[in-house]
Amino acid sequence: MAARRSGDPRRLDPLSGRFTDYIVIDTETTGLSVRKGARLIEIGAVKIHNDELVDEFDQLINPFEHVPSRITGLTGIDDDMLLGKPDVREVMDEFARWCSDTAVVMAHNASFDMSFLDNAVQLAYAERDARFAHHFVDTLDLSRRLHPEKRSHKVSTLIVDYHIADMEEHRALSDAKQEWMLYRAMRDEAELLGML
């Protein structure tokens, strides 16, 4: 099964090489769609060098709007937790420095996270066509190629299938760590199957 292509030139094929230096990103948001006005409320990430976790990034973001109760129910993040937290520009400045210019980023269902990071860059710098300037790997593509027979490729399903955790926590940093472990497990499987 071929990788699903988004047409995004930043997207890298997860089977194009054995990634050992990268950043795994996860985001929490006020909703499911940037186009419907949802905003970032948390970025979590882990920096991996030679397959070892070497640094972490975790920051709540004040969206200056109400966090819907269904999001609070899922993430535990409420309006009070975001009071006094930095705005999207401050966070994107800090996150860009932390990432470095050349880092490849990784996420599960990366188009979701990248759409919110692109939007955050646009909001932060008032440039309508600006984008989060990193190549990315989508581990959802990798799961679909490894197991086209699976009905679900959600993180919550895969972390149980690969014996990583019993449940997804829906907090950005802990989810980024789980997605890092998930990538390593799937990459190792791809190598055993001769796909990588």
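Quick note: residue numbers are just sequence positions, from 1.
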Practice prompt. Evaluate the side-chain proximity of Tyr162 to Met181: yes if any heavy-atom separation is below 4.5 Å, no if none is.
Written response: no
Item to complete: List the atom of Leu60, the atom of Met81, and the distance in Å for their closest heavy-atom pair.
Response: CD1-O, 4.0 Å
Item to complete: Answer yes or no: is there a side-chain heavy-atom contact under 4.5 Å between Met92 and Ile61?
Response: no
Worksheet item: Do the side chain of Asn50 and the main chain of Glu52 share a donor and acceptor less than 3.5 angstrom apart?
Response: no
Worksheet item: If every non-hydrogen atom of Phe132 is compared with every non-hydrogen atom of Cys99, which pair is closest and at what distance?
Response: CZ-SG, 4.3 Å
Discussion item. To the closest 0.5 Å, what do you measure between CD1 (Ile23) and CG (Asp21)?
Written reply: 10.0 Å
Worksheet item: Which atom names give the shortest non-hydrogen contact between Gly44 and Ala176, and what distance separates them?
Response: O-CB, 3.9 Å
Practice prompt. Examine the side chains of His147 and Glu189 and answer whether a donor and an acceptor come within less than 3.5 Å of each other.
Written response: yes
Practice prompt. State yes or no: do Phe64 and Val88 share one hydrophobic cluster built from I, L, V, M, F, W and Y residues joined by side-chain heavy-atom distances below 4.5 Å, directly or via other members?
Written response: no
Worksheet item: Can you tell me how far CD1 of Ile25 sits from CG of Leu173, rounded to the nearest 0.5 angstrom?
Response: 12.5 Å
Worksheet item: Is it true that Arg10 and Asp8 make a salt bridge, defined as a side-chain N closer than 4.0 Å to a carboxylate O?
Response: yes
Discussion item. Restricting to non-hydrogen atoms, name the atom on Arg89 and the atom on Ala124 that form the minimum distance, rounded to 0.1 Å.
Written reply: NH1-O, 2.9 Å
Fill in: Path from Leu158 to Leu140 over hydrophobic side-chain contacts below 4.5 Å
no
Discussion item. Donor-acceptor pair, distance only, cut-off 3.5 Å: does the side chain of Ser115 make one with the backbone of Phe112?
Written reply: yes
Worksheet item: Rounded to the nearest 0.5 Å, what separation is found between the OG1 atom of Thr139 and the OH atom of Tyr183?
Response: 9.5 Å
Discussion item. Can you confirm whether Pro63 sits close enough to Leu40 that some side-chain heavy atom of one is under 4.5 Å from a side-chain heavy atom of the other?
Written reply: no
Discussion item. For a 4.5 angstrom cut-off between non-hydrogen side-chain atoms, does Ile41 reach Ile71?
Written reply: yes
Worksheet item: Phe116 and Leu74: same hydrophobic cluster, using ILVMFWY side-chain contacts below 4.5 Å?
Response: no
Practice prompt. For the pair Asp138 and Arg11, find out whether any cationic side-chain nitrogen is under 4.0 Å from an anionic carboxylate oxygen.
Written response: yes
Worksheet item: Within a reach of under 6.0 Å around CG of Leu32, are more than 12 heavy atoms found that belong to other residues, nucleotides or ligands?
Response: no
Worksheet item: Taking the side chain as C-beta and beyond, is there a heavy-atom pair between Arg187 and Phe19 under 4.5 Å?
Response: no
Worksheet item: With distance as the sole test, does Asp188 use its side chain to make a donor-acceptor pair with the main-chain N or O of Glu191 at under 3.5 Å?
Response: no
Worksheet item: Is Asp58 salt-bridged to Lys177, going by a charged N under 4.0 Å from an acidic O?
Response: no
Discussion item. Could you tell me if the side chain of Leu82 sits less than 4.5 Å from the side chain of Val67, heavy atoms only?
Written reply: yes
Worksheet item: Between Arg35 and Asn119, does a side chain to side chain contact (heavy atoms under 4.5 Å, CB included) hold up when you go through it step by step?
Response: CA-CA 9 Å; Arg35 290 188 179 135; Asn119 181 253; over 6 Å; no
Discussion item. Membership question, hydrophobic clusters at under 4.5 Å side-chain separation (ILVMFWY): are Leu83 and Ile77 in the same one?
Written reply: no
Fill in: Ring geometry between Phe95 and Trp98 (parallel below 30°, tilted from 30 to 60°, perpendicular above 60°)
parallel
Worksheet entry | Cluster overlap Leu142 with Val46, hydrophobic side-chain contacts below 4.5 Å | yes
Worksheet item: Side chain of His134, backbone of Ala103: donor and acceptor closer than 3.5 Å?
Response: yes
Discussion item. Closer than 3.5 angstrom, by distance alone: can the side chain of Gln178 be matched with the main-chain N or O of Met167 as a donor-acceptor pair?
Written reply: yes
Worksheet item: Is His108 reaching over with its side chain to a backbone N or O of His153, donor-acceptor style, under 3.5 angstrom?
Response: yes
Discussion item. Testing the 3.5 Å rule here: is there a donor-acceptor pair between the side chains of Thr27 and Asp113?
Written reply: yes
Worksheet item: Does CG in Asp166 sit with more than 12 non-hydrogen atoms of other residues, nucleotides or ligands closer than 6.0 Å?
Response: no
Worksheet item: What's the spacing between Leu146 CG and Arg144 CZ if we round to 0.5 Å?
Response: 13.0 Å
Practice prompt. Might you point out which heavy atoms bring Glu28 and Asp26 nearest each other, and give the distance in Å?
Written response: OE2-OD2, 3.3 Å
Item to complete: Starting from the C-alpha separation in whole Å, work towards a yes-or-no answer on side chain to side chain contact (heavy atoms under 4.5 Å, CB included) for Asn109 and Val155.
Response: CA-CA 9 Å; Asn109 192 18; Val155 169; over 6 Å; no
Discussion item. Check whether Glu42 reaches the backbone of Ala172 with its side chain - one donor and one acceptor, N or O, closer than 3.5 Å.
Written reply: yes
Discussion item. Could you check whether any side-chain heavy atom of Leu53 comes within less than 4.5 Å of a side-chain heavy atom of Ile48, counting everything from C-beta outward?
Written reply: yes
Fill in: 4.5 Å side-chain heavy-atom contact, Asp175 and Glu169
yes
Worksheet entry | Ionic contact status for Arg18 with Asp51, cut-off 4.0 Å | yes
Item to complete: Can you measure from CG (Leu12) to NE2 (His135) and round to the nearest 0.5 angstrom?
Response: 5.5 Å
Practice prompt. Could you tell me the separation between the CG atom of Leu196 and the CZ atom of Arg145, rounded to the nearest 0.5 Å?
Written response: 10.0 Å
